[in-house]
Amino acid sequence: MAALLRRYGTFVAVALVIGYFWLELPSTFLTGRNLLNISQQTSMLAVVAATMTVVMAMGDFDLSVGSMASLSGIVAALVFISGGSAPLAVGAALLCGLAGGVVNGALVAYVGILPFIATLGAMTVFSGLAFKLSGGQTLFGDAIPHGFSDFARGGVPLLSTGLVAPDLTLIAGATVAAAWILLEQTVVGRRLYAIGGNAEAARLAGVPVRPLRLAAFGIAGLGAAGAGLMYASRVASANPTQGAGLMLDAIAAVFLGQSMTEEGEPRVPATVAGVLILGIIGNGLTQLNVDSYVRDILTGSIVIAAVAVSSYGKTHTR
């Protein structure tokens, strides 16, 4: 029973949730249009969670990704307001995210600060910078080009189905694919997992632990900046709290994914499954007009239950 719970418990729970929403919303829930809508709604989270998986493969995590997403959106909006082009704004936002991630990585890898402390402090700093640069206000207006804001509303037609794959979904898919290739198909990925297994043993085996940690946090910063740009494009504006919920949801998605893997390690496909679980729950509850705080309660309960089942399975199958 423990082995079955360890391997299939989360899948069974998800199937029950999907079945419930299907019964309650038979005409709207499991339709192609709604599934594509879910993919678009979760695209920002997918980008952050996929790049967060790179960090969590080492046994670390980054609490600052939500604040970095907000700060990057603000940076892009300020470039637009000052007359800059879309490539310049996107480049500045991504550079901001990369710099923030590298700072986090340097604090963890070279200074020796625990990831929780380093990224918690960085989260506060990035949030403060976002408020300072924006004056605590939402930045929007004619300065933000229509091409930038229209990108989030565009997509690629799916043959003769009449459906359109959103551009944001395609960006998320490309990011997920890149993270999967890095972790599963390269020597770098194997070394990251080795660090997560035993950092000291990996170092003694010749793995460059510090540079890899620095690079992994830089990737997480880039992912957060990309999500911030996607948010800004979707709403044609930027505000200093735009990415506030991304950090907790991203960590929840990775933990949900870990509960579905045989070895209990962060894996990109499993993380995507975790993102979809959160997206399906959010979409279903929204269609049922359930208050947002109920979604938070349910999401938190599902994460706790999934990790508890995973831990129980590990303990009782040894």
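Reckoned from all heavy atoms, side chains included, excluding hydrogens, waters and symmetry mates. Because the structure is a prediction, the values reported are computed rather than measured.
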S.K.: Heavy atoms, side chains only, cut-off 4.5 Å: are V272 and W180 in contact?
M.R.: no
S.K.: Taking atom OH of Y193 as the centre, report whether more than 12 heavy atoms of other residues, nucleotides or ligands fall under 6.0 Å from it.
M.R.: yes
S.K.: Using the rule given for side chain to side chain contact (heavy atoms under 4.5 Å, CB included), can you reason through L256 versus V275, listing the C-alpha separation, both sets of side-chain angles and the distance that settles it, and then say yes or no?
M.R.: CA-CA 8 Å; L256 277 172; V275 169; over 6 Å; no
S.K.: Do L35 and F29 have side chains that get closer than 4.5 Å, going by heavy atoms?
M.R.: no
S.K.: To the nearest 0.5 Å, tell me how far S233 OG sits from F148 CZ.
M.R.: 5.0 Å
S.K.: Answer whether the closest heavy-atom distance between the side chains of L192 and V54 falls below 4.5 Å.
M.R.: yes
S.K.: Within the structure provided, determine whether T53 and R267 are in side-chain contact (heavy-atom separation under 4.5 Å).
M.R.: no
S.K.: Can you name the residues that form a side chain to side chain donor-acceptor pair (under 3.5 Å) with T169, not counting sequence neighbours?
M.R.: S39
S.K.: L214 and A106: which non-hydrogen atoms are nearest, and at how many Å?
M.R.: CD1-N, 3.3 Å
S.K.: Could you go through the salt bridge (Lys or Arg N to Asp or Glu O under 4.0 Å) check for E184 and R190 one step at a time?
M.R.: CA-CA 7 Å; E184 304 292 343; R190 289 191 288 274; over 6 Å; no
S.K.: For Y110, look at atom OH and say whether over 12 heavy atoms of other residues, nucleotides or ligands are found less than 6.0 Å away.
M.R.: yes
S.K.: Could you tell me the separation between the CG atom of L25 and the CG atom of L30, rounded to the nearest 0.5 Å?
M.R.: 9.5 Å
S.K.: Looking only at non-hydrogen atoms, find the nearest pair between A216 and V55 and report the distance.
M.R.: O-CG2, 3.4 Å
S.K.: Say whether L78 and F140 are linked into one hydrophobic cluster, either directly or through other cluster members, by side-chain heavy-atom distances under 4.5 angstrom.
M.R.: no
S.K.: Working to the nearest 0.5 angstrom, can you tell me the gap between S72 OG and F126 CZ?
M.R.: 9.0 Å
S.K.: Decide side chain to side chain contact (heavy atoms under 4.5 Å, CB included) for V176 and V268; before the verdict, give the C-alpha distance in whole Å, the side-chain angles of both, and the deciding distance to 0.1 Å.
M.R.: CA-CA 7 Å; V176 166; V268 173; 3.7 Å; yes
S.K.: Yes or no on side chain to side chain contact (heavy atoms under 4.5 Å, CB included) for T42 and N283, after CA distance, side-chain angles and deciding distance?
M.R.: CA-CA 10 Å; T42 59; N283 179 270; over 6 Å; no
S.K.: If you draw a 6.0 Å radius around CZ in R153, do more than 12 non-hydrogen atoms from other residues or ligands fall strictly inside?
M.R.: yes
S.K.: Measure from the side-chain N and O atoms of S67 to the backbone N and O of S64, and report whether any donor-acceptor pair falls under 3.5 Å.
M.R.: no
S.K.: How many angstroms lie between CD1 in I38 and CD1 in I280, if you round to the nearest 0.5 Å?
M.R.: 5.5 Å
S.K.: Just verifying a value: how many Å separate N104 CG and R213 CZ, rounded to the nearest 0.5 Å?
M.R.: 13.0 Å
S.K.: Could you see if F116 belongs to whatever hydrophobic cluster contains I251? Use Ile, Leu, Val, Met, Phe, Trp, Tyr and a side-chain cutoff under 4.5 Å.
M.R.: yes
S.K.: Which heavy-atom pair separates G226 from L94 by the least distance, and what is that distance?
M.R.: N-CD2, 4.0 Å
S.K.: Does the side chain of V102 reach to within under 4.5 Å of the side chain of F217, using non-hydrogen atoms?
M.R.: no
S.K.: Between atom CG of L182 and atom CD1 of I219, what is the distance when rounded to the nearest 0.5 Å?
M.R.: 5.0 Å
S.K.: So, do R234 and Q41 sit near enough that their side-chain heavy atoms are less than 4.5 Å apart?
M.R.: yes
S.K.: Hydrophobic clustering (ILVMFWY, side-chain heavy atoms < 4.5 Å, transitive) - are M123 and V65 grouped together?
M.R.: yes
S.K.: Contact between I74 and L129 at the side-chain level, heavy atoms closer than 4.5 Å - yes or no?
M.R.: no
S.K.: Got M247 and D62 here, is their nearest side-chain heavy-atom distance under 4.5 Å?
M.R.: no
S.K.: Decide side chain to side chain contact (heavy atoms under 4.5 Å, CB included) for L288 and F21; before the verdict, give the C-alpha distance in whole Å, the side-chain angles of both, and the deciding distance to 0.1 Å.
M.R.: CA-CA 9 Å; L288 292 175; F21 287 135; 3.7 Å; yes
S.K.: Tell me whether M56 shares a hydrophobic cluster with L248, the cluster being built from Ile, Leu, Val, Met, Phe, Trp, Tyr side chains joined at under 4.5 Å.
M.R.: yes
S.K.: Are V290 and I281 connected in a single hydrophobic cluster, I mean Ile/Leu/Val/Met/Phe/Trp/Tyr linked by side-chain heavy atoms less than 4.5 Å apart?
M.R.: yes
